[in-house]
Amino acid sequence: MSSADPPNTPDAVKRSRYTYRHFQLLRQSSTATPLRAIAHIDLDAFYAQCEMVRLGTPRDTPLAVQQWDSLIAVNYAARPFGVNRMVSTAEARKLCPNIVLQHVATFREGEGGRWAYRDDSFRSVKTDKVSLDPYRAASRNILATMKDELQRWCTDTSEGQLDHLTQGITPGLEKASIDEVFIDLSPLIYSVLLRRYPELRAIAQDEKQVAELPCPPTTALQWASEDSLIDLDPLESEEDDPDWDDIVMLVAAEITRSVRNAVWEKLHYTCSAGIARNKMLAKLGSACNKPNKQTVVRNRAIQKFLGGYKFTQIRMLGGKLGDQITAFFGTEQVSELLNVSLEQLRAKLDDHTATWLYSTIRGDDRSEVNPRTQIKSMLSAKSFRPSINSIDQAEKWLHIFAADIYGRLVEDGLLENRRRPRVITLHHRVVLSRSRQTPIPGSITIDENLLFELAKTLLRQVMADGQVWPCANLSLSVSSFEDGVGKNKAIEGFLVRADQAKSLIHARPRDAGILNEQPPADKKRKIDGIKRFFNQPHADDPAASDNESSQPPLAQDLAPIIQEDIAVSPDTSDALQFTCSRCSKSIPEYDREEHDDWHFAKDLANQDRQEARDAQQQSHPPTNSRASNTRGRPGRGGRGKSEKGQMRLAFQ
DNA sequence: ATGCGAATG
DNA sequence: GGCATTCGCAT
């Protein structure tokens, strides 16, 4: 038999085309093994389903989610009527007289920062701001349900004598958006296969890892009738005996089905899934059969499957890069781009992008499932239909933004000191957009008013920087989240003690238990400084001049405060000192325990962070550098540097 | 660190 | 088109 023959051609001694090494790599979610299994799960018309669940709408009732005068989600019952996202509410009603149009929840000016579903919100673009909170909440529940179900598979799988082979496995779950997740099923499948196929246990650690596996004992796989299989490539046949990659997909489909089923049983949401060897294929697969179906792309089906696509449908190729490639090579079809050699790609694209594209359209995507479920930033924004023209108007919206974000921070565990943002940013647009950000001091208690005051300060900076009115868009965001210690009971205990100790020693209220950026003994009274700053009346109109001597009010006001703080700061001189072996800082003896605890907590946090990014990608997505430079930087003139430096001094 | 654009949903 | 999130580049 020639080497060109398909490896699973019947033969005297049948061997798998996969090795023990391939199999073992599943355990650690290696990106390199051809036996890898990734699921992409996508909630069907998510916002619409959220409203259906909330309102108790029957599944066959057409429903769409409305935002002002347009639709942002349309359920599957409404789609046959021709209702889609780009349709106005009036058109939707004409197309489908019985459709339920539910407006999104909104915040309303002067209503205490609480969002609500309101009958008249569609008339209130002027006063209301959209809230997506209900959908974020649903997303969290769904994610938790998925995790539970996966955990069930983990514990059900590891028992008895196989413990040593299967314990400690964790399927990576990446929240890709509010309604999408990727799951790396590889480790889970590794343990399931070990249980179900004793022949796989034979070799554990030998030098013979390169040896081929025995063929799977099964000759015909029982695929669930609800699952859609992508047709095999032309040279492959369903009659051929399955190899281990087929078994892997079968188990992956079984696990994914159970996850989807759990979401349905517990929360009444349907979702669609794609199951394949990597994220790209899984993602394409999940869109193939909607709603409420899952699609399996077996290895032997990849070429035909991908060849039928326009490459502009592949992740990262939907924008300008895709347009450029189309222009360069005169086609959008993957099948035609396959005829372009790597050299030819390199002639038009930078090396990175060329090699990435070359492998990607051949079905090779080595990107990791990033085990991340937590949000990285929070943004609250509003576009102004007629632009707004005064700082008064702007500050009303800043109030709403602050309330919105604060509420979300609380949901995120701010009050339990689980997570807090370190940076706040204000974006602003007239025609072009600009933004300003500033640190949120780790020593300060975040509340709604703090966010508002910081936002106001940033707005003044933006104003001092150039044209602001008429303002077409304003947004406030927080980012650079820092892990606190709320999850850990032991640490929480320490915090209570530490806090009591602190208030005894310093008679300082309300600084409760935040894991600060600096060891407690080291940080001074920046809190008071900042509060004082905010209470100071701003005799400012910085509008005048980009003159070097005219500093923004912030820097000027804060300089003396910091000085004073240092001068006034107590401790150190009289007390007994010890020098910490970890950070070489000199610490008062009575703060020693707290300081040690701080290191302990910080280590834990670092460890967590490390685990979170343990897996580093080895396949790099294309860079988005070229294609961009169509817009020259509108060089913001005047003052930039001294201000930044002083801000940092002031706030951190 | 800070500010910006691209891409995606 | 409005709103939201993540990423990478540049300074």
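Chain identifiers are assigned alphabetically (A, B, ...) following the order of the sequence lines, protein sequences preceding nucleic acid strands; residue numbering begins at 1 within each chain.
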A:Tyr47 and A:Tyr135 aromatic ring geometry - parallel, tilted or perpendicular at 30°/60° bounds: parallel
Between A:Asp44 and A:Ser272, a side-chain donor and acceptor under 3.5 Å: yes
Heavy atoms from other residues, nucleotides or ligands near CG of A:Asp120 exceed 12 (cutoff 6.0 Å): yes
Phosphate-side-chain proximity, A:Ser435 and B:dG3, N/O vs OP1/OP2 below 4.0 Å: no
A:Ser124-A:Arg118 side chain donor-acceptor pair, cut-off 3.5 Å: no
Atom-to-atom span, CG of A:Leu284 to P of B:dG9 - whole angstrom: 10 Å
Aromatic ring pairing A:Trp397/A:Phe401, orientation class (parallel under 30°, perpendicular over 60°, tilted between): tilted
Distance in angstrom units between A:Asn370 CG and C:dG8 P, rounded: 10 Å
Contact nearer the 5' end of DNA chain C, comparing A:Ser70 with A:Ala176: A:Ser70
Sugar-phosphate only, base, or nothing, as touched by A:Ser380 at under 4.0 Å among non-hydrogen atoms: sugar-phosphate
Between C:dG2 (P) and A:Arg385 (CZ): distance, integer Å: 8 Å
Phosphate contact (C:dG1 OP1 or OP2) by A:Ser383 side-chain N/O below 4.0 Å: no
N or O in side chain of A:Lys376 less than 4.0 angstrom from C:dC7 OP1/OP2: yes
Given B:dG3, C:dC3, B:dA7, the nucleotide with the shortest approach to the side chain of A:Arg436: B:dG3
Residue-phosphate contact under 4.0 Å: A:Lys129 side-chain N/O, C:dA4 OP1/OP2: yes
Any side-chain donor near an acceptor of the partner, A:Asp365 and A:Thr360, under 3.5 Å: no
Touch class at under 4.0 angstrom, heavy-atom based, for A:Leu132 against every strand present: sugar-phosphate
Selected nucleotide, minimal atom distance to A:Pro439 side chain, candidates C:dC3, B:dT2, C:dT5: B:dT2
Touch class at under 4.0 angstrom, heavy-atom based, for A:Arg408 against every strand present: sugar-phosphate
A:Leu71 CG - C:dG1 P separation (whole Å): 15 Å
Donor-acceptor pair between A:Asn292 and A:Arg260 side chains, under 3.5 angstrom: yes
Phosphate OP1/OP2 of C:dC7: any A:Arg315 side-chain N/O under 4.0 Å: no
Sugar-phosphate, base or nothing in reach of A:Met86, heavy atoms under 4.0 Å: base
Any A:Thr425 side-chain nitrogen or oxygen under 4.0 Å from OP1 or OP2 of B:dT2: no
Among B:dT2, C:dT6, C:dC3, the one nearest A:Gln437 by side-chain distance: B:dT2
Length of the CZ-C1' vector between A:Phe384 and C:dG1, whole Å: 16 Å
Sugar-phosphate only, base, or nothing, as touched by A:Lys283 at under 4.0 Å among non-hydrogen atoms: sugar-phosphate
Sugar-phosphate, base or nothing in reach of A:Arg136, heavy atoms under 4.0 Å: sugar-phosphate
Nucleotide nearest A:Lys320 when distance is taken to its side chain, options C:dC3, B:dA7, C:dG2: B:dA7
Under-4.0 Å side-chain N/O to phosphate OP1/OP2 contact, A:Ser477 with C:dT5: no
Counterpart base for C:dG2, defined by Watson-Crick or G-U wobble contacts under 3.5 Å: none
Nearest-angstrom distance from the residue atom CG of A:Leu379 to P of B:dG3: 15 Å
Between C:dC9 (P) and A:Met316 (CE): distance, integer Å: 11 Å
Nearest-Å distance for atom pair NZ/P, residues A:Lys175 and B:dG9: 16 Å
Nearest listed nucleotide, side chain of A:Arg434, among C:dT6, B:dA7, B:dC4: B:dC4
hbond_proxy A:Arg85 side chain to C:dG1 base (donor-acceptor, 3.5 Å cutoff): yes
